[in-house]
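In listed order, ligands and their atoms are each counted from 1. Hydrogens, waters and symmetry mates play no part in the numbers below; they use all other heavy atoms, side chains included.
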Amino acid sequence: MEKFFFYKMSGCGNDFIIIDNRNSIVPENNLSEFARKLCFRRMSVGADGLVLIENTSRADFKWQFYNSDGSLAEMCGNAARCAARFAYINKIADSQMSFETQAGIIFAQIMEQENVKIKITDPKDIKDKDIIKVNNSPVEFISLNTGVPHVVIETSDIKAVDLIKMGKDIRFHEKFAPAGTNVNFISRKSDNIISIRTYERGVENETLACGTGCVASALAAAKEYNVPSPIQCLTKSGNYLTIYYSKSRSDNQDTFYNVFLQGDARIIYKGELNKDAWNW
Ligand SMILES: N[C@@H](CCC[C@H](N)C(=O)O)C(=O)O
């Protein structure tokens, strides 16, 4: 099959190509290279990631999520909302659905207009504040996994951060090898609003939003300052994501559960892919 349809979607400015591959219409075996070529801006469609929808007996559908560098990632919060809306519009699932990711089963609910609310897998590897040396300066951070690994660093002036340099230095820091990590800088704007900027693993750049990064940052604020649920994250795109959570504490350990991420899942366009889009 030389031509097939795809959707270009955006979750809070994090943009994705979504293909219904349940009938294996993608005519390539090297899906990592296929993803990298399709996501390459100006040479092809261009996106932060590619979602391939597949069949499974464990949920309404399964997905493979590829970052724009072609790496597979266990989860992607913004793409998860987009995949849920794609599945609903294309009658792959009802307005309440579940789908299988490498991080586990995600539950999703289509809300009013283009809003989608997802229940993410329980956060794990939640560590207390730690310090690493970056360019001989101490950087204090909290690390946790919200489907993919994240570090959260608080700063007084988020606009002043050299995000690409600091992001790269921390993303590849030996402390987080070999998987690496996503890097989030946050500033508290009010009691329950945080501003966030993210250097994203696998995009290897700052993105306009990172859903799992907003969840990680909100839970870090909840852990450090007891910020009550729900927490609003103001992303680089200027749009907000809302995080809902429940928290319990035992043996000096915080446990988060019933963690939800809500935000937009916009359809930019439905397109038809020619082989030139990836065969270059
Ligand atoms: N932007 C995503 C995160 C996607 C995965 C990340 N790039 C990684 O490889 O860890 C989100 O919205 O969560």
Side-chain angles (χ1 to χ4, degrees), residues 8-18 31-32 35-36 39 41 46-52 63-86 99 101-104 106 108 115-125 143-152 163-164 167-168 170-173 176-186 196-220 231 233-237 239-243 245 259-266:
K8 182 75 188 297
M9 297 187 74
S10 173
C12 213
N14 209 189
D15 62 339
F16 308 100
I17 298 157
I18 303 190
L31 293 176
S32 172
R36 190 182 70 80
C39 292
R41 299 187 192 280
D48 290 332
L50 166 69
V51 173
L52 298 180
W63 85 355
Q64 295 295 334
F65 177 82
Y66 291 87
N67 282 307
S68 56
D69 70 353
S71 60
L72 267 171
E74 303 85 341
M75 176 50 189
C76 172
N78 287 320
R81 298 196 314 280
C82 292
R85 187 150 183 246
F86 174 92
F99 62 95
T101 74
Q102 285 186 14
I106 302 296
N115 236 280
V116 181
K117 187 173 185 179
I118 62 169
K119 182 177 184 294
I120 72 158
T121 49
D122 287 349
K124 60 182 182 179
D125 305 333
S143 64
L144 64 164
N145 187 303
T146 50
V148 288
H150 284 274
V151 296
V152 180
L163 193 98
I164 303 301
K168 272 201 176 92
I170 298 168
R171 181 255 185 276
F172 291 103
H173 193 284
F176 309 111
T181 183
N182 296 279
V183 185
N184 305 276
F185 284 85
I186 64 170
I196 176 172
R197 293 177 66 193
T198 304
Y199 178 93
E200 222 183 284
R201 177 186 75 164
V203 179
E204 303 311 335
N205 207 332
E206 178 172 14
T207 54
L208 291 180
C210 180
T212 53
C214 286
V215 175
S217 300
L219 299 186
I231 298 177
C233 280
L234 173 58
T235 66
K236 176 80 174 176
S237 67
N239 291 359
Y240 285 85
L241 288 172
T242 305
I243 290 88
Y245 71 89
V259 181
F260 292 84
L261 169 66
Q262 184 171 340
D264 67 353
R266 296 166 48 237

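Judged by the shortest distance from any of its heavy atoms, G202 lies outside the 4.0 Å radius around the atoms of ligand 1. At least one heavy atom of N14 sits closer than 4.0 Å to an atom of ligand 1. For H150, the heavy-atom gap to ligand 1 stays at 4.0 angstrom or more.
Taking any N or O of V203, backbone or side chain, none lies under 3.5 Å from an N or O belonging to ligand 1. The shortest N/O to N/O separation between C76 and ligand 1 does not fall below 3.5 Å.
Here R171 pairs with E204 in a salt bridge; the nearest charged N to carboxylate O distance falls below 4.0 Å. Using a 4.0 Å cut-off between a side-chain N of Lys or Arg and a carboxylate O of Asp or Glu, R36 and D69 do not qualify as a salt bridge. Salt-bridge annotation for E206 and R201: absent, with no side-chain N of the basic residue lying under 4.0 Å from a carboxylate O of the acidic one.
For ligand 1 and M75, the ligand atoms under 4.0 Å from any heavy atom of the residue are 4 (C), 5 (C). Taking a cut-off of under 4.0 Å to the non-hydrogen atoms of G77, the atoms of ligand 1 that pass are 11 (C), 12 (O), 13 (O).
In terms of the salt bridge (charged side-chain N to carboxylate O under 4.0 Å, His left out) criterion, R85 has no residue partners (sequence neighbours excluded). Contacts of D122 classified as side-chain hydrogen bond (donor to acceptor under 3.5 Å, both in side chains), with partners at least two apart in sequence or in another chain: none.
Neither the backbone nor the side chain of E74 comes within 4.0 Å of ligand 1, counting heavy atoms alone. Contacts between R201 and ligand 1 below 4.0 angstrom, taking non-hydrogen atoms only, involve backbone and side chain alike. The side chain of A73, and not its backbone, has at least one atom closer than 4.0 Å to an atom of ligand 1 (non-hydrogen atoms only; side chain from C-beta on). Only the side chain of N67 comes within 4.0 Å of ligand 1, counting heavy atoms alone; its backbone N, CA, C and O stay farther away.
In this structure, W63 and F99 have tilted ring planes: the angle between them lies in the 30° to 60° band.
Relative to atom 6 (C) of ligand 1, the option among N182, N145, T146, D15 with the closest non-hydrogen atom is N182.
For atom 12 (O) of ligand 1, the closest non-hydrogen atom of the protein is G211 N, 2.7 Å. In this structure, the protein non-hydrogen atom closest to atom 4 (C) of ligand 1 is E200 OE2, 3.4 Å. Shortest contact from atom 13 (O) of ligand 1 to any protein heavy atom: T212 OG1, 2.5 Å.
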Working for side chain to side chain donor-acceptor pair (under 3.5 Å), residues S71 and N67: CA-CA 5 Å; S71 60; N67 282 307; 3.1 Å; yes

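How far CG of D15 is from CG of L208: 8.0 Å, rounded to the nearest 0.5 Å.
Just one residue in the list D264, D48, N14 forms a side chain to side chain donor-acceptor pair (under 3.5 Å) with N78, and that residue is N14.
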